[in-house]
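Here's the structure, in C-alpha cells; my notes come after.
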Amino acid sequence: MQFHSYGFLFFFPLVLLLVWVLPRRTKNGVLLIASYLFYASWGVRYCLVLLGCTLVSYLTGLLMDRRRWILPGALTLIFGLLGVFKYTPFVLSNLARLGLPVNGDFRIAAPLGISFFTFQTAGYLWDVSRGKYPAERNFLRFALFVSFFPQLLTGPIGRGNQLLPQYEQCRKPDYEDLRAGFLTMTWGYFQKLVIADRAAMLVDAVYENYTAFSGSCLALATVVYALQIYCDFAGCSCIAIGGARMLGIRLGQNFDAPYFSRSIPEFWRRWHISLSTWFRDYVYFPLGGSRCALWKTCLNVMIVFLISGAWHGASWGFLAWGALHGAYQVFGRLTKDSRIRCRVWLGIDAESSGYRTLCTLVTFLLVCAAWVLFRADRLHSALAIWKRILLDFQPTRLLDALQAHSLGLDGPDSMVLLLGAGLLYVVDRARYRGTELVRRFEMRSWPVRELMLAGLILLTFFLGIWGNGFHGSSFIYAQF
Amino acid sequence: MGPALSMRSFKRLVSILVLLALVTGGIGYLARAVELPTGRSKNGAFLEGDREYDVLLFGTSHVVNGFLPMQLWKDFGIRSYNLGIHGGSLAASYWALRLALEYQKPKVAVLDVLNAEEEENVMSVGLCHPALDAYPLSKTKIQAVLDLYQDTRDRTELLFPLDIYHNRWKEITGERLREPVQYSMEKGAEAMLGSTPVTTPEWSHESAGQKTWAMGYLEAFIHCCQDNGIIPLITFIPYCYEGSQERQSYGSEALELAKSLGAETLDLRNVEGMDPAGSWSDAGGHLNATGARKATNILGQWLRENTDLPDGFQDALWDEDYAYYRDKWRYRIENYTEPEQILNIASLLGAQVTAEIPEGEAPFPESRLKALGAQVETGLEEGLALRFTVRDDQGQVLATRSYRQTEGLSLVE
C-alpha cells in the first residue's frame, strides 16, 4: 500500500475517522493496529522483522540501566539485521567476482523501510544510554514509536524525545491539525504525482538509453532528475508529515528548500534533515566531529558520507555518491581560507545578490554532478555520462530533441513540468526566506484559501501521473 | 465565549463545505470534458429513458454495423436499440443485457453468436469502456466488471473511468467544454460506407461439436431473457473472410445450443434476400450499409412474422428521430464524394441511384454498381468515367456526382 494507491486513499480516512470518533485513550492502540496492517500489506512476514526489532530495542532500553554491556549487543543485532537484508547480496556478488566460491546471485527481499526503523530504534537506544531521556516503559507506546505508519517506510526518522511524549499525551487532532495536515499532504501529492513522476518520464527515457543522447541532453536529464528526486522524496515526506499531523502527531521537518543552499554543508542541513542530523548526532559527533585536528575532521566527514552512501543502497554507485559529497566537504574545508582571501582580493561582497546567486548555482551544479552517480544504473555508466556531458555537449542537439519531443515528454507534459517547477520555486523561495507553506496559506482570506486548495487538488487530480497504464513510479526512497 | 465559539465552528463548517463543493464540482465538470465520448455517444440515448424499445440488439461490431434500428422502425415500425459492443465477447453481451434491463424491459433480445469459440475473456479493457462507461456505478456494473476482468487495475479503471481518463486533459478544448456529447442518431448502430467485393462466400454449416466458455454466457443470456419474459433470438450475421470456416462452426454450434434451450434462432448466412454481392465493407467481415439494410430487412420480417411486437409507427418521438436521421444522411450525401459512400447512403435513405458509365470497360464495374443497388445506364459522354444521380422517393434529386478517370476516380467539380 503506497501513499498514492487507492488502498491508502481508503485506509487513511478510515484510520482518521477511528482516531476522531473513538475515545482518546484508544488512539495509540488504533494507530498501532493500523501501522501493522499498513506494513502487512507489503507482506505479513515483514511484520515479524518489525516486531523483532521493536522487542529487542524495547527490552534493551529497559535493561540498559543495570546492564550497560547490552547496548553494543543490541546495536549489533539491529544493524546486523539491516546488514543481512540489505548488503548480503552486494557482498556475495563482489566476493564471487573476486573468484571466491560463494553464490553471487543470492537475492533476499529486504523489508521495506528497514533502513528507517532500524536507524530510529538505534538512535533511541543511543539517546537512552546517554541519559538524554528515560527508556519508554509502555510497550504499546514504544511499538507505535517504531512502527507509526506515516513515517514507517520513508521517514522522517523520528527521535524518542520528540515522539514518545506525543504518544504519551495521546492528543486528539484539532481543526488546525486537520487543515494544516491536509494542505501539507496535498502539496506532497502534487510534488510526487505532477512533478516527480512527470520528470521521471524524461529522466528514464534519457538515462536508460544514454548512449543515444548528446551531453547537453544528459545534462538536462540530470537537472530534471534533481527535480524528480527532490519532489519524489520531499513529496513523500510531506504526505507523511501531513498525514501524521492530521492524526495529531507532529513529525520533524525533512526538507527545507535544499536547492537554494549556497554551499554543500548548507545543502546537507536542508536535505533529508532527519537523516543528516542522525548521522551528525550518532556518528559524526561520537567520532569527534570538528573539535579535533583538521585531518581528523576531514576523515570523520568522509566516514559519515561513505556510511550515508551505503545507507542509500548496496552498490558502488551509492558509495561513490557518498564519497563525492564527502570530498566536496573536505575540499570546501581545506580551501575555505583561500577562497575567502580570493573573494576579498577580488573585492566581491559576500552579501551581494550576484555572489549569493553564483554560490547557489555552483552548489546546485555540484549536487547535480553527484546525482549522476545516484541515478545511473552502474558506476561505469555514470562515468560515461559525465564524459559525454563534458566532452560531447552539442547544445544544438538538445534544441533538436526538445523540438522533436524525443526526450520522453510531449509539449503539454513539458509545459506542465515547467509550470510545476515554477510553483515549487515560488514555494521553496518563500520557505528559504522563512515563510512556511502552511503559514503563507493561512495568511489569505478564507475564500481565496479554499479556492487555492481546491485548485491544487484539481491540478493534482487531473495533471498527476496515476491510474492504470500510466506507470507512475514508486517512491524512490521506499527502496532504501 | 459561547457565541464566538459557535461562530468559529460555523465558519469552519462553511469552509469545509465550500472546499468540498469546489472539488466535487470541479471534478464533475472536468470529468465530462476528459471522458472518452464514444461510450455516451453510442449508448447515452438509450440511457436517457424517454424512448421505448421493444427490441434490444446485442453482440459484436457485426451487430453494430449489421442491424440498423432506424431502418427497422422505418420499414417495420419496430422500436429497437443497438447495444452491440465492438470486439465484444458473449460474456460482455450477457452483462450488457443485465445492465440494459435496469433501464428497459424489451420484448425481444437479439444476440449474435460471433466469438462463440472463445475459451476465456480476450476482450481488451479498452473495448469494454464504450460498453460500460455510459452506465452509472451500480451493483450490476460491479458484478459485470468483477466477472469480466480479474486484474485489479483493469477493474478499477472500468468502475472508476477517471482512473485513466484524467490524463486526457491534453485533449480538452473550449468546444469540448461547451458542447455536450452528441448521442448516436442511429440508435447505437454504425452504418459502414465502404465496399469490398466478395463474390463467392464460403459458408460452413458444420457444428464444432464442442461447448466453449463463451457458450456458457450464451446460456446465461437465454436464461436471463426467459426469466424476464423476453424472447431470446439468437442470430448469425454472415461473415466469410478467408479462414473463417472453423469460427463459423462454433457459431453453428451456438445456434444449436440456443435451439436446445428453447431460444429462437435466425441464421442469416444463406437466407433469401441476403445477397452477398456488395454487402461487405471489408473482405467478408463487417456488413456495409447496403448489407446491413438486407440483414435488417430479414430481421424485421422475422420479428413481424414470429412475434406480436406493437406498432411503433404511431410513436411521434420515433418519427422525430427518423426525420433527424434522414436529414443528417441527406446532408452527408450532399457533401460526401466517394462513389461507395454515395451508394451506401442512398441505400440507407431508400433513394434511387442512376449510375451512368461509358461504353466498354468501365473503371467502376457495372456488376459492383448493381450490387450496391444502382440502376446502370451506359453511354456516358467521353471524358467522364462515372456519373451518379440520386433521387429520393418523390423523384427529387438529392445529389449528382461526375467522375473522371485519373489514377483512380476523381470528382469533377
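Proteins come first, then strands; the chains are lettered A, B, ... in the order of their sequence lines, and each starts at number 1. Bear in mind that the values here come from a model prediction, so they are computed numbers and not experimental data.
- Rounding to the nearest 0.5 Å places CZ of A/F461 at 4.5 Å from CD1 of B/I27.
- Heavy-atom distances place both the backbone and the side chain of B/S15 under 4.5 Å from chain A.
- Both the backbone and the side chain of B/L162 come within contact range of chain A, judged by heavy atoms closer than 4.5 Å.
- For a heavy-atom cut-off of 4.5 Å, chain B lies close to A/D410, A/P412, A/D413, A/V416 in residues 407-416 of chain A.
- Atom CD of B/Q182 has 12 or fewer neighbouring heavy atoms from other residues, nucleotides or ligands inside a 6.0 Å radius.
- Residue B/K170 places its NZ atom among more than 12 non-hydrogen atoms of other residues, nucleotides or ligands, all under 6.0 Å distant.
- Of the atoms belonging to B/V18, it is side-chain heavy atoms, and not backbone ones, that fall under 4.5 Å from chain A.
- Atoms CG and CG, on B/L19 and A/L453 in that order, are 5.0 Å from each other to the nearest 0.5 Å.
- With rounding to the nearest 0.5 Å, the separation of CG in B/L17 from CD in A/E450 is 10.0 Å.
- Under a 3.5 Å cut-off, the side chain of B/H166 and the backbone N or O of A/W466 do form a donor-acceptor pair.
- Inter-residue side-chain proximity for A/Y175 and B/I16 is flagged as met; some heavy-atom pair is nearer than 4.5 Å.
- With a 4.5 Å cut-off on non-hydrogen atoms, A/L458 touches chain B through its side chain but not through its backbone.
- Heavy atoms only, all atoms of each residue included: A/F462 and B/G26 are closest at CE1-O, 4.4 Å.
- The stretch residues 17-24 of chain A places none of its residues near chain B, where near means some heavy atom under 4.5 Å from a heavy atom of that chain.
- B/D154 touches chain A through backbone and side chain together, each having a heavy atom under 4.5 Å away.
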